[in-house]
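Right, one structure below, let's go through it.
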Amino acid sequence: MTTTLVALAVVMATVIWWLVRTSVGASPWVEERPGADHSPTSTLPLPTIKIGLGVFMAVATSLFALSISAYLMRREGVDWRPLAPPMVLWFNTASLALGSVFFQRARNASRSGQAAGMRRGLLAGGACTLAFLAGQFWAWRSLDAAGYYVASNPANAFFYFLTALHGLHLLGGLWVWGATLVKMRRGAALEQVRMSVELCTAYWHFLLVIWMILFGVLLFT
Amino acid sequence: MTYVPIGHEASDYAPPAETQEMELYHPKTFIGKYIWSQDAKVIAIQYSITAIGIGMVALVLSWLMRLQLGFPNTFNFIDPSAYLQMVSMHGMIMVIYLLTALFLGGFGNYLIPLMVGARDMVFPYVNMLSYWIYLLAVLLLLASFFVPGGPTGAGWTLYPPQAILTGTPGAGLGIILMLVSLAFFIIGFTMGGLNYVVTVLQARARGMTQMRLPLTIWGIFMATILALLAFPALFVSAIMMTLDLTLGTSFFMPGIVSQGKQLGYGGGSPVLFQHLFWFFGHPEVYIVALPAFGIVSDLISVNARKNIFGYRMMVWAILAIGGLSFIVWAHHMYVSGMNPYFGFFFATTTLIIAIPTALKVYNWVLTLWRGNIRLNVPMLFAIGFIFTFIHGGLTGIFLGNVAVDLALSDTMFVVAHFHMVMAIAPILVVMGAIYHWYPKMTGRMLNDTMGKIHFWITFLGSYAIYLPMHYLGFLGVPRRYYALGDTYFIPESAQSLNASITIAALIVGVVQLLFLYNLVWSYFKGEPSGGNPWEATTLEWQTAETPPKHGNFGAELPVVYRWAYDYSVPGAAQDFIPQNHPPSEAGTGMSDVRK
């Protein structure tokens, strides 16, 4: 559970540090002085929807950290026979990283008001992600063909479980990505989709980092 | 004591931060208003009714269990399998589908926007989805009563390998439905939880600094953070166990011979499941307790007509408990065969968590000290909570110590302990909170006489149930046993004690029906309450209409000038100053009289 504890310690420490920072030195019993400006409500200087995504990413971090903890604890078992991750995973990792780059370009284009650049970035980013998912499916098929069935060894089971969990999160992202494309096709102005693009970009970077960690864990253990 | 004005700190004065007006969804049809509603108040009531409804099922299950324990060999329809199924479903429903859903989905939805001064939750559509997914989870759970083999009888902890082995009641569809239902519950909760956290962070009214938030909000806020981070552990373990059951993987299943047959599993770790389960399970205790702590602080302050003692300490205690609750989980696993050095570590952290918890108890008592106490029904429940919580907390110190726990593990002492601390104590707060906020929800007071009968029978009855149960535990009476049989070390008299516990449990159970009757009766015939019957300071009592309309605060959002605890301020015209009263109107404030 060390992995989980480290990940959660970071999340909890951030939360508690921030809350304590805003509360130390406050004198809650002091009322507002008549006629003075109001105390700041100390909301975070970010759009609400971004905070929402941030909280969701914290939840997903907990989910993946716990899964990795379970993986590391289970591999101590005597029946664990390590599985060599298929080579296609390298290609997949490259596609996902490229997808992240394209999303970043789409975001930058949306910030500088270039609708065409944003559309290109989004389409390319989505295509790379679809390539990643297809590659992951290919990896499953090749493992299955080589006799690495899900139930034949816990290492296999974890491989399928972790990749599926990550893939499902990407599918959720693709749903928002698709909705954004539909909006743009219906003629939405750049300002109306800018936030969606920014959110997608942040989420894609997050899922890339999660994938790198998962891949690293699968590769080196 | 001399009263002199104190200086205002520079940090209090910075440019005003306006809270943006939010665009509300305005439904036009009945269905849009009351069924597919995106209004947090309606969602809160939907959550509450569903949670209380499924809670009633669990209550009836507990009656049946007690009938078996109190009067064995009397009721033919309760066989050992049915008994285990009742135990399991009672536990799971009460902890997750009633208490978690009611505190966070029910009170969280109703109180967060109103108390922080917002029009609604920040993501109303997601909030609506949260309820409907919760309802789906409840329906799946209920469905398990009607499938072949019935619901799972694996105990609420669902420990593998027995949870999914043939021979355990409900090992087929029952356990699958339970696991799927939990997964849905967690997805639904995450949607709601995002709302609760982000609304508290971002949608507070102008002037509502974090340190002016009522403790109710602090409790719900921290509990939601815990739930968001801890529920994934249950989610992961539920999915893995489903895979073990359906695809034959061996995440948790060791090589095992079942009913004379070698199964295909091998090498899985049941202790891994226990780690994951309790990594969720212990924070879950605080997911239920922290909102109760927050609510009870407010009930006590309002009805003692005093500011809460040590507000900042109360906030930091909530944060400390939240942080510590993630590193105590293995105190549920002292007998699991884990490394004994872990036991030492977890015993230490468990005892450390007693410090912020005790701090809160002292502060509640000190708030009562020399207060102008109004012994109304919510206050009775709040004081009742302090009693039962202290009792449950003290027995927790017994069980937190490895050496003591080894002897008491899996006895009725444990059952008595956790019922006192996380069943009776939070339920008393739930009751107090319903008596307190019902007037805001409906515009009518709950009947006082029925309320007092309800309180006294519930409170004294709880002691009649659980105090003797500690003693049964000391005798060595095990938990989860259908019948004791001829056990040489358990005296005959234990049976008569069991019978008396059952009678008390039935009486306490029946009086809850009086409470439900009161809820319905008062809705039509209760005394009109007006907008602020308790003379409370928090924003939900200052709304233009009672019950508050869609959008909560009429044309303009409130502006907050003070904390939630300006009661009995010397020199003020009345003994409470609402949070949105400007200083000039209120006369003088706490800041001018403190030294």
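Predicted model only: the values in this text are computed from it and were never measured.
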Spell out, as yes or no, whether a donor-acceptor pair under 3.5 Å connects the side chain of Y567(B) to the backbone of T537(B).
-> yes
- Task: Verify ring pair (Phe, Tyr, Trp, His ring centres under 6.0 Å) between H169(A) and F206(A), making sure each step is shown before the conclusion.
- Result: CA-CA 11 Å; H169(A) 279 77; F206(A) 169 73; 7.9 Å; no
Turns out that what part of S250(B) lies under 4.5 Å from chain A's heavy atoms comes down to both
- Query: Under 30°, 30 to 60°, or over 60°: which ring-plane class applies to F56(A) and Y203(A), parallel, tilted or perpendicular?
  - Reply: tilted
Whatever's closer than 4.5 Å to a heavy atom in chain A on F123(B) counts as side chain
Bottom line for L8(A): the part with an atom under 4.5 Å from chain B's heavy atoms is side chain
Against chain B, residues from residues 149-168 of chain A with at least one heavy atom under 4.5 Å, in numeric order, are V150(A), A151(A), A157(A), F158(A), F161(A)
From the list R212(B), R206(B), R562(B), salt bridge (charged side-chain N to carboxylate O under 4.0 Å, His left out) with E32(A) holds only for R212(B)
Turns out that what part of L213(B) lies under 4.5 Å from chain A's heavy atoms comes down to neither
Subject >> Side chains of W218(B) and Y311(B), donor plus acceptor under 3.5 Å >> reply: yes
Bottom line for L46(A): the part with an atom under 4.5 Å from chain B's heavy atoms is backbone
Are more than 12 heavy atoms, taken from residues, nucleotides or ligands other than M212(A), located less than 6.0 Å from that residue's CE atom?
no
Pair count under 4.5 Å, heavy atoms only, with chain A: among L194(B), L247(B), V315(B), V200(B), highest is L194(B)
Residue from G268(B), A320(B), S269(B) scoring the most non-hydrogen pairs under 4.5 Å with chain A is G268(B)
**Request:** Please work out whether the ring planes of F273(B) and F252(B) are parallel, tilted or perpendicular, with thresholds of 30° and 60°.
**Result:** perpendicular
Cut-off 4.5 Å, heavy atoms of chain B, and the answer for L5(A) is side chain
Honestly, the part of F326(B) sitting under 4.5 Å from a heavy atom of chain A is both
Let me have the donor-acceptor pairs involving side chains of residues 77-84 of chain A, under 3.5 Å, with sequence neighbours excluded, atom names and distances please.
unit_1 : atom_1 : unit_2 : atom_2 : d
D79(A) : OD1    : R74(A) : NH1    : 3.2
D79(A) : OD2    : R74(A) : NH2    : 3.0

Applying side-chain contact (heavy atoms from CB on, under 4.5 Å) to S196(A) and not counting sequence neighbours gives T180(A), K183(A)
Residue set satisfying side chain to side chain donor-acceptor pair (under 3.5 Å) with E198(A), at least two apart, ordered chain then number -> K50(A), R111(A)
To the nearest 0.5 Å, atom CG of D566(B) lies from atom OH of Y561(B) at 14.0 Å
Turns out that what part of F280(B) lies under 4.5 Å from chain A's heavy atoms comes down to neither
